[in-house]
Each structure stands twice: as structure tokens, then as C-alpha cells.
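These figures come from a predicted structure and were not determined experimentally. In what follows, every chain begins at residue 1, and chains take the letters A, B, ... in the order their sequences are listed.
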Amino acid sequence: MPARSSTSASATPDVLSLRSALLGWYAAHQRQLPWRQDRDPYRVWVSEIMLQQTRVAAVLEHYRLFLEAFPTVAALAAAPEQHVLALWSGLGYYRRARMLHQAAKLVVAQFLGRIPTDLDSIRALPGVGRYTAAAIASIAYGLRAAVVDGNVERVLSRLDGLSRPDAAVWRRAAELLDPLHPGDWNQAMMELGATVCTPQNPQCLVCPVHGWCRAPGAETRRPQPARKRLQLTCALIKRRRGFCLVKRPPDAAQMPGMWELPEVVPSDRQTPICLVRHSITDTNYEVHVVSVPIKALTLLGPQPAWLCFSSWELWSLPLTGVTRKILRKLAIH
DNA sequence: CATTCGTGGCA
DNA sequence: TTGCCAAGAAT
């Protein structure tokens, strides 16, 4: 991939050399990631949805299994939602999976299974906002749309030595965008933010654009919401047919339709099995897992019908993250 | 426009 | 152990 930058008339020599420096660095140092194998719009799309607020390391395995199960838009559109959620299990932000599924059905129905090629139509897909639309358009189709994510915002604020309102950040990103390599430029900006221009301990000594930077390594901390702390007790109920799980109600605020261990009222008659710490958005949970004699079972609150699954069946369900963590810890496979 | 939605890894 | 996040979008 050439590290040339554009000779667009409006760009100053300074911007041209900045582009060249960053693109050259990206060509040499980019991570080899599965969604960079090609520019298949579907693969790019899935990766961008999975990467929303989620680290690369957490995405890799889910991405592999997801594309194995749903290699095309049509395959995804044809799948039952529970199957889609099962493959998303553990990634978090499950609404992303539902919207991706919904969007896939829409693409099949309205666009003959082809992901639209113009920015506005991409942006109109469920789950695709301003960032994701620009990412897909530039990476898959080479359209001149700049992205602004957390990385880009931090890189730009250090580069220019000032923080701007949102609208101005998008304008600045568009100004710097390399018109000849928009996809590589966008990914280079994000890659720099993710690996060099990090929030803490930025590696300014190896930064390819250090010479253009007004405020190298400037602090960019954001205020953090206070975490609540909650204890609860879940029951592992073993029966001949397997283990009992409950399905979260379809209208639940969090993780509707996903399966988990039933919550029970703590009591002395329960045998403690393990303790798991888990955080969900603004709450830190301490989950006590107990074994309960079936006769002494008292579920907490109105629990919908529960079902039993064999240990191998469990893992094809859309389990919540904490449930996966518990079952893994108890070596139930 | 402020809130809400998950999770795991690492300093 | 605890706190700090990470390639945002929808409402």
C-alpha cells in the first residue's frame, strides 16, 4: 500500500507531510486483523458493529465464530435471533446484535442482499450511526468520509493542543482525511490512538506524527460515573436432564431474551459453590452461586418458566456474560 | 441532550 | 483488589 498522500489543492504542505507520515507508519505497523483481510463490506460492517465500545482483543474470537456461522448477509438475515444472540454472548451491548440482525434482513429485503454504497443509505441502517457509516463507507468503498471515534478525538486534541466541540472535531477530521486513501487514513488514525497515542502512557517517542503535535501526551481523562455495588445469589440446580436456566423477559431493560441462572433468596440451607465478581454498566455485582435442594427452592421474584439443558446444550444458548463466567468457572462444558 | 446499554483486561 | 476504560448508537 502506497504511503503517498494527496496533492489536493486546499491542503497545506504541512498537512500533506502529516498524511504521508501517518500512512507510512500505518503501512508498516498496522496489526494484522481478520477484518483487514479484504474489503468485503459485510465483513467490515460486522467488525465495526462489534468494535463499538469494545476492545480488539475481546472481538477477535467472537468475530471468527460469528462469520463462520453467518458468512454472508443472507445467512445472517435467515438466522433465528436466538442463534445470533448466542454467538454474540459475552460481547455485551446485545442491542447491537439485534439491530445488526434487523439490518441484515432489511438489506436482503430492500437491497437484494447488497450493502448500500452511499453514505446516507448506510447511515440509515439500524445500529449504524455517524461513526460506523463513515467507517464502512471509507474502508469498504473508499468514500471520502472521515470518522471520529474516541481514538480520533484524543489524537486530534493532542495534535492541535486543544479540545473542540463535537461539530468542530468532525470538521477537523474531514480536513485531515487523505482523499486518496480515506479507509487507510481513518484506520491509521484509530490505530495510532489505540497503540501509540493511548489515554495513559502514550508512546510519544515512537509516534510517527510527533513532529506535528502541539500537545504530546496531554491528559484526556473523562469523568467516570460512580459504580453501585450489589450482592445477589444464583442457584445451580442440577437435575437428571441437566442444569436449570431462566430466560430474561422480552421487555427486560437489560439483556432481554437471554438465559441465566435463576436468582434465589439467600438462606442457610444453601451450599455455596463459588463467588463471581462481575460488572454490568454502572453496577459491580458480587454473585454468590449456591447449590439448592430442589425441594427447598425459593426463586426470587416472579421468575418465568425455567428449563433444563444438558451441559453441551448450554453453550449454544444466548447466555449472559456473568452466566458464562460462572459456568466456565465451574468447568461445566 | 443526558442516559443507558456489557464486558474483560490491565495498571 | 480496584478503577479505568474501548473502533457508539438509540432514545
Side-chain angles (χ1 to χ4, degrees), chain A residues 30-31 33-36 44-63 85 88-100 102-103 122-140 145-155 165-167 169-170 173 183 185-195 197-202 219-229 248 252-258 260 275-287 318-326 328-329:
Chain A
Q30 65 174 286
R31 294 168 288 180
L33 300 171
W35 46 88
R36 289 178 178 164
V44 172
W45 178 24
V46 172
S47 77
E48 288 301 336
I49 300 297
M50 284 192 174
L51 286 164
Q52 289 169 3
Q53 297 290 287
T54 309
R55 294 173 193 281
V56 165
V59 166
L60 287 171
E61 183 64 2
H62 279 89
Y63 183 80
L85 283 174
W88 206 272
S89 169
L91 254 191
Y93 290 130
Y94 299 101
R95 191 170 52 178
R96 293 181 297 178
R98 287 195 195 81
M99 290 188 297
L100 178 61
Q102 188 185 335
I122 297 170
R123 172 70 180 80
L125 296 173
V128 176
R130 189 175 181 182
Y131 160 80
T132 305
I136 296 171
S138 63
I139 297 170
V147 301
V148 173
D149 73 334
N151 289 310
V152 173
E153 187 166 359
R154 180 176 57 258
V155 169
D166 259 15
V169 177
W170 282 89
W185 173 261
N186 282 332
Q187 294 186 85
M189 288 286 282
M190 294 189 283
E191 190 89 343
L192 186 74
T195 64
C197 192
T198 50
Q200 272 81 41
N201 307 316
E219 290 300 321
T220 57
R221 174 154 304 167
R222 308 175 189 181
Q224 207 63 18
R227 288 291 179 107
K228 287 172 282 190
R229 158 179 296 226
R248 295 179 63 83
Q254 299 178 326
M255 301 169 278
M258 304 195 58
E260 60 189 359
L275 174 63
V276 170
R277 294 178 204 285
H278 190 76
S279 297
I280 298 178
T281 59
D282 62 345
T283 307
N284 292 332
Y285 292 92
E286 190 171 278
V287 182
L319 304 173
T320 66
V322 67
T323 305
R324 286 166 64 94
K325 195 185 281 187
I326 292 167
R328 213 184 312 140
K329 189 165 181 176

Participant: Between atom CE in A/Met190 and atom P in C/dG8, what is the gap in whole Å?
Facilitator: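 Computing the A/Met190:CE to C/dG8:P distance gives 9 Å.
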Participant: Taking atom CZ as the centre, does A/Arg31 end up with more than 12 heavy-atom neighbours from other residues, nucleotides or ligands that are less than 6.0 angstrom away?
Facilitator: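 Yes - once you tally the heavy atoms of other residues, nucleotides and ligands closer than 6.0 Å, there are more than 12.
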Participant: What integer distance in Å separates A/Arg229:CZ from C/dT1:P?
Facilitator: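 For the pair A/Arg229 CZ and C/dT1 P, the rounded distance is 12 Å.
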Participant: Sort by first number and list every stem of DNA chain B: at least 3 consecutive Watson-Crick or G-U wobble pairs, both distances under 3.5 Å.
Facilitator: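 Correct response: B:2-5 with C:8-11, B:7-11 with C:2-6.
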Participant: Once you round it to whole Å, what is the distance between P of C/dC4 and CG of A/Asn284?
Facilitator: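 Nearest whole value for this atom pair: 11 Å.
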Participant: Mind checking if A/Leu33 touches a base, just sugar-phosphate, or nothing, with heavy atoms under 4.0 Å?
Facilitator: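 The answer is base, as A/Leu33 lies within the cut-off (heavy atoms under 4.0 Å) of a base atom.
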Participant: Indicate, with a heavy-atom threshold strictly under 4.0 Å, whether A/Arg227 touches base, sugar-phosphate, or nothing.
Facilitator: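 Contact class for A/Arg227: base.
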Participant: What residues in residues 52-62 of chain A put a non-hydrogen atom under 4.0 Å from any atom of DNA chain B?
Facilitator: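 Listed by number, they are A/Gln53, A/Thr54, A/Arg55.
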Participant: Can you tell if the side chain of A/Leu275 reaches within under 4.5 Å of the side chain of A/Arg277, non-hydrogen atoms only?
Facilitator: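 Sidechains of A/Arg277 and A/Leu275: in contact.
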Participant: Is A/Trp88 touching bases, backbone alone, or none of the nucleic acid, heavy atoms closer than 4.0 Å?
Facilitator: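 No contact at all - A/Trp88 keeps every heavy atom at 4.0 Å or more from the nucleic acid.
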Participant: Considering only heavy atoms of chain A and a distance under 4.0 Å, specify the first and last nucleotide of DNA chain B in 5' to 3' order that meet this criterion.
Facilitator: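 The footprint of chain A covers B/dC5 to B/dG9.
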Participant: Just jot down the ring-ring contact (aromatic ring centres under 6.0 Å, His included) partners of A/Trp35, sequence neighbours excluded, or say none.
Facilitator: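 Testing A/Trp35 for ring-ring contact (aromatic ring centres under 6.0 Å, His included), a comparison that skips the adjacent residues, returns A/Tyr63.
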Participant: Calculate the interatomic distance between A/Asp282 atom CG and C/dG3 atom P; express it in whole Å.
Facilitator: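 So the CG-P distance, A/Asp282 to C/dG3, works out to 14 Å.
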Participant: Judged by each residue's nearest nucleotide on DNA chain C, which is more toward the 5′ side, A/Glu48 or A/Leu125?
Facilitator: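 Mapping each residue to its closest nucleotide by heavy atoms, the 5'-most match is A/Glu48.
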Participant: With sequence neighbours excluded, what pairs up with A/Arg98 under the salt bridge (charged side-chain N to carboxylate O under 4.0 Å, His left out) test?
Facilitator: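 Testing A/Arg98 for salt bridge (charged side-chain N to carboxylate O under 4.0 Å, His left out), a comparison that skips the adjacent residues, returns A/Glu81.
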Participant: Would you check if there is a donor-acceptor pair between the side chains of A/Glu48 and A/Tyr131 at a distance under 3.5 Å?
Facilitator: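 On atom types as modelled, these side chains qualify, holding a pair under 3.5 Å.
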Participant: Using every non-hydrogen atom in the two residues, find where A/Ala103 and A/Trp45 come nearest and quote the distance to one decimal.
Facilitator: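 Smallest interatomic distance, heavy atoms only, reads CB-CZ2, 3.4 Å.
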Participant: Mind checking if A/Arg36 touches a base, just sugar-phosphate, or nothing, with heavy atoms under 4.0 Å?
Facilitator: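 The residue A/Arg36 makes base contact.
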Participant: How close or far is atom P of C/dA9 from atom CG of A/Leu100, stated in whole angstroms?
Facilitator: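 Result: 13 Å.
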Participant: Which heavy atom in A/Pro199 sits nearest to a heavy atom in A/Thr220, and how many Å separate them?
Facilitator: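 Taking A/Pro199 first and A/Thr220 second, the nearest heavy atoms are CA-OG1, 4.3 Å.
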Participant: In whole Å, what is the span from the CG atom of A/Asp149 to the P atom of C/dA6?
Facilitator: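 Roughly 10 Å, once rounded to whole Å.
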Participant: At under 4.0 Å between heavy atoms, what does A/Ser47 touch on the DNA or RNA strands: base, sugar-phosphate, or nothing?
Facilitator: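 Result for A/Ser47 = nothing.
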Participant: Specify the closest pair of heavy atoms between A/Ala97 and A/Leu85, including all atoms of both residues, with the distance to one decimal.
Facilitator: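 Heavy-atom minimum between the residues: CB-CD2, 4.1 Å.
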Participant: May I ask you to say what A/Met99 touches in the nucleic acid, namely base, sugar-phosphate or nothing, with a heavy-atom cut-off under 4.0 Å?
Facilitator: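 Sugar-phosphate, backbone atoms only, no base.
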Participant: With sugar-phosphate meaning primed atoms plus P, OP1 and OP2, does A/Gly193 contact a base, only sugar-phosphate, or nothing at under 4.0 Å between heavy atoms?
Facilitator: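 A/Gly193: no heavy atom of the nucleic acid under 4.0 Å.
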Participant: Side chains of A/Thr132 and A/Gln52: closer than 4.5 Å at any heavy-atom pair?
Facilitator: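 Yes, side chains in contact.
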Participant: Assuming nearest nucleotide by heavy-atom distance, tell me which of A/Arg95 and A/Ser279 is located more 5' along DNA chain C.
Facilitator: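 Mapping each residue to its closest nucleotide by heavy atoms, the 5'-most match is A/Ser279.
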Participant: What nucleic acid atoms does A/Leu91 come within less than 4.0 Å of, heavy atoms only: base, sugar-phosphate, or nothing?
Facilitator: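 Base contact - A/Leu91 has a heavy atom under 4.0 Å of at least one base atom.
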Participant: Search all heavy atoms of A/Gly257 against all heavy atoms of A/Pro318 and return the closest pair with its distance.
Facilitator: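 So the minimum-distance heavy-atom pair works out to O-CG, 4.1 Å.
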Participant: What salt bridge (Lys or Arg N to Asp or Glu O under 4.0 Å) pairs are there with at least one residue in residues 124-138 of chain A, not counting sequence neighbours?
Facilitator: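 Counting only pairs at least two positions apart or across chains, no salt bridge (Lys or Arg N to Asp or Glu O under 4.0 Å) contact touches residues 124-138 of chain A.
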Participant: Quick check: on DNA chain B, is the nucleotide nearest A/Asn201 upstream (toward 5') of the one nearest A/Leu319, or the reverse? Name the residue that is more 5'.
Facilitator: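 In this pair, the answer is A/Leu319.
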Participant: Quote, to the nearest angstrom, the P distance that separates B/dG8 from C/dA9.
Facilitator: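 Pairwise P distance, B/dG8 against C/dA9, rounds to 23 Å.
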Participant: Where do A/Gln254 and A/Tyr285 come nearest, in terms of heavy atoms and distance?
Facilitator: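 Looking at all heavy atoms of both residues, the closest pair is OE1-OH, 4.5 Å.
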Participant: Have A/Arg96 and A/Thr54 got a donor and an acceptor in their side chains that come within less than 3.5 Å?
Facilitator: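 Distance-only check passes for A/Arg96 and A/Thr54.
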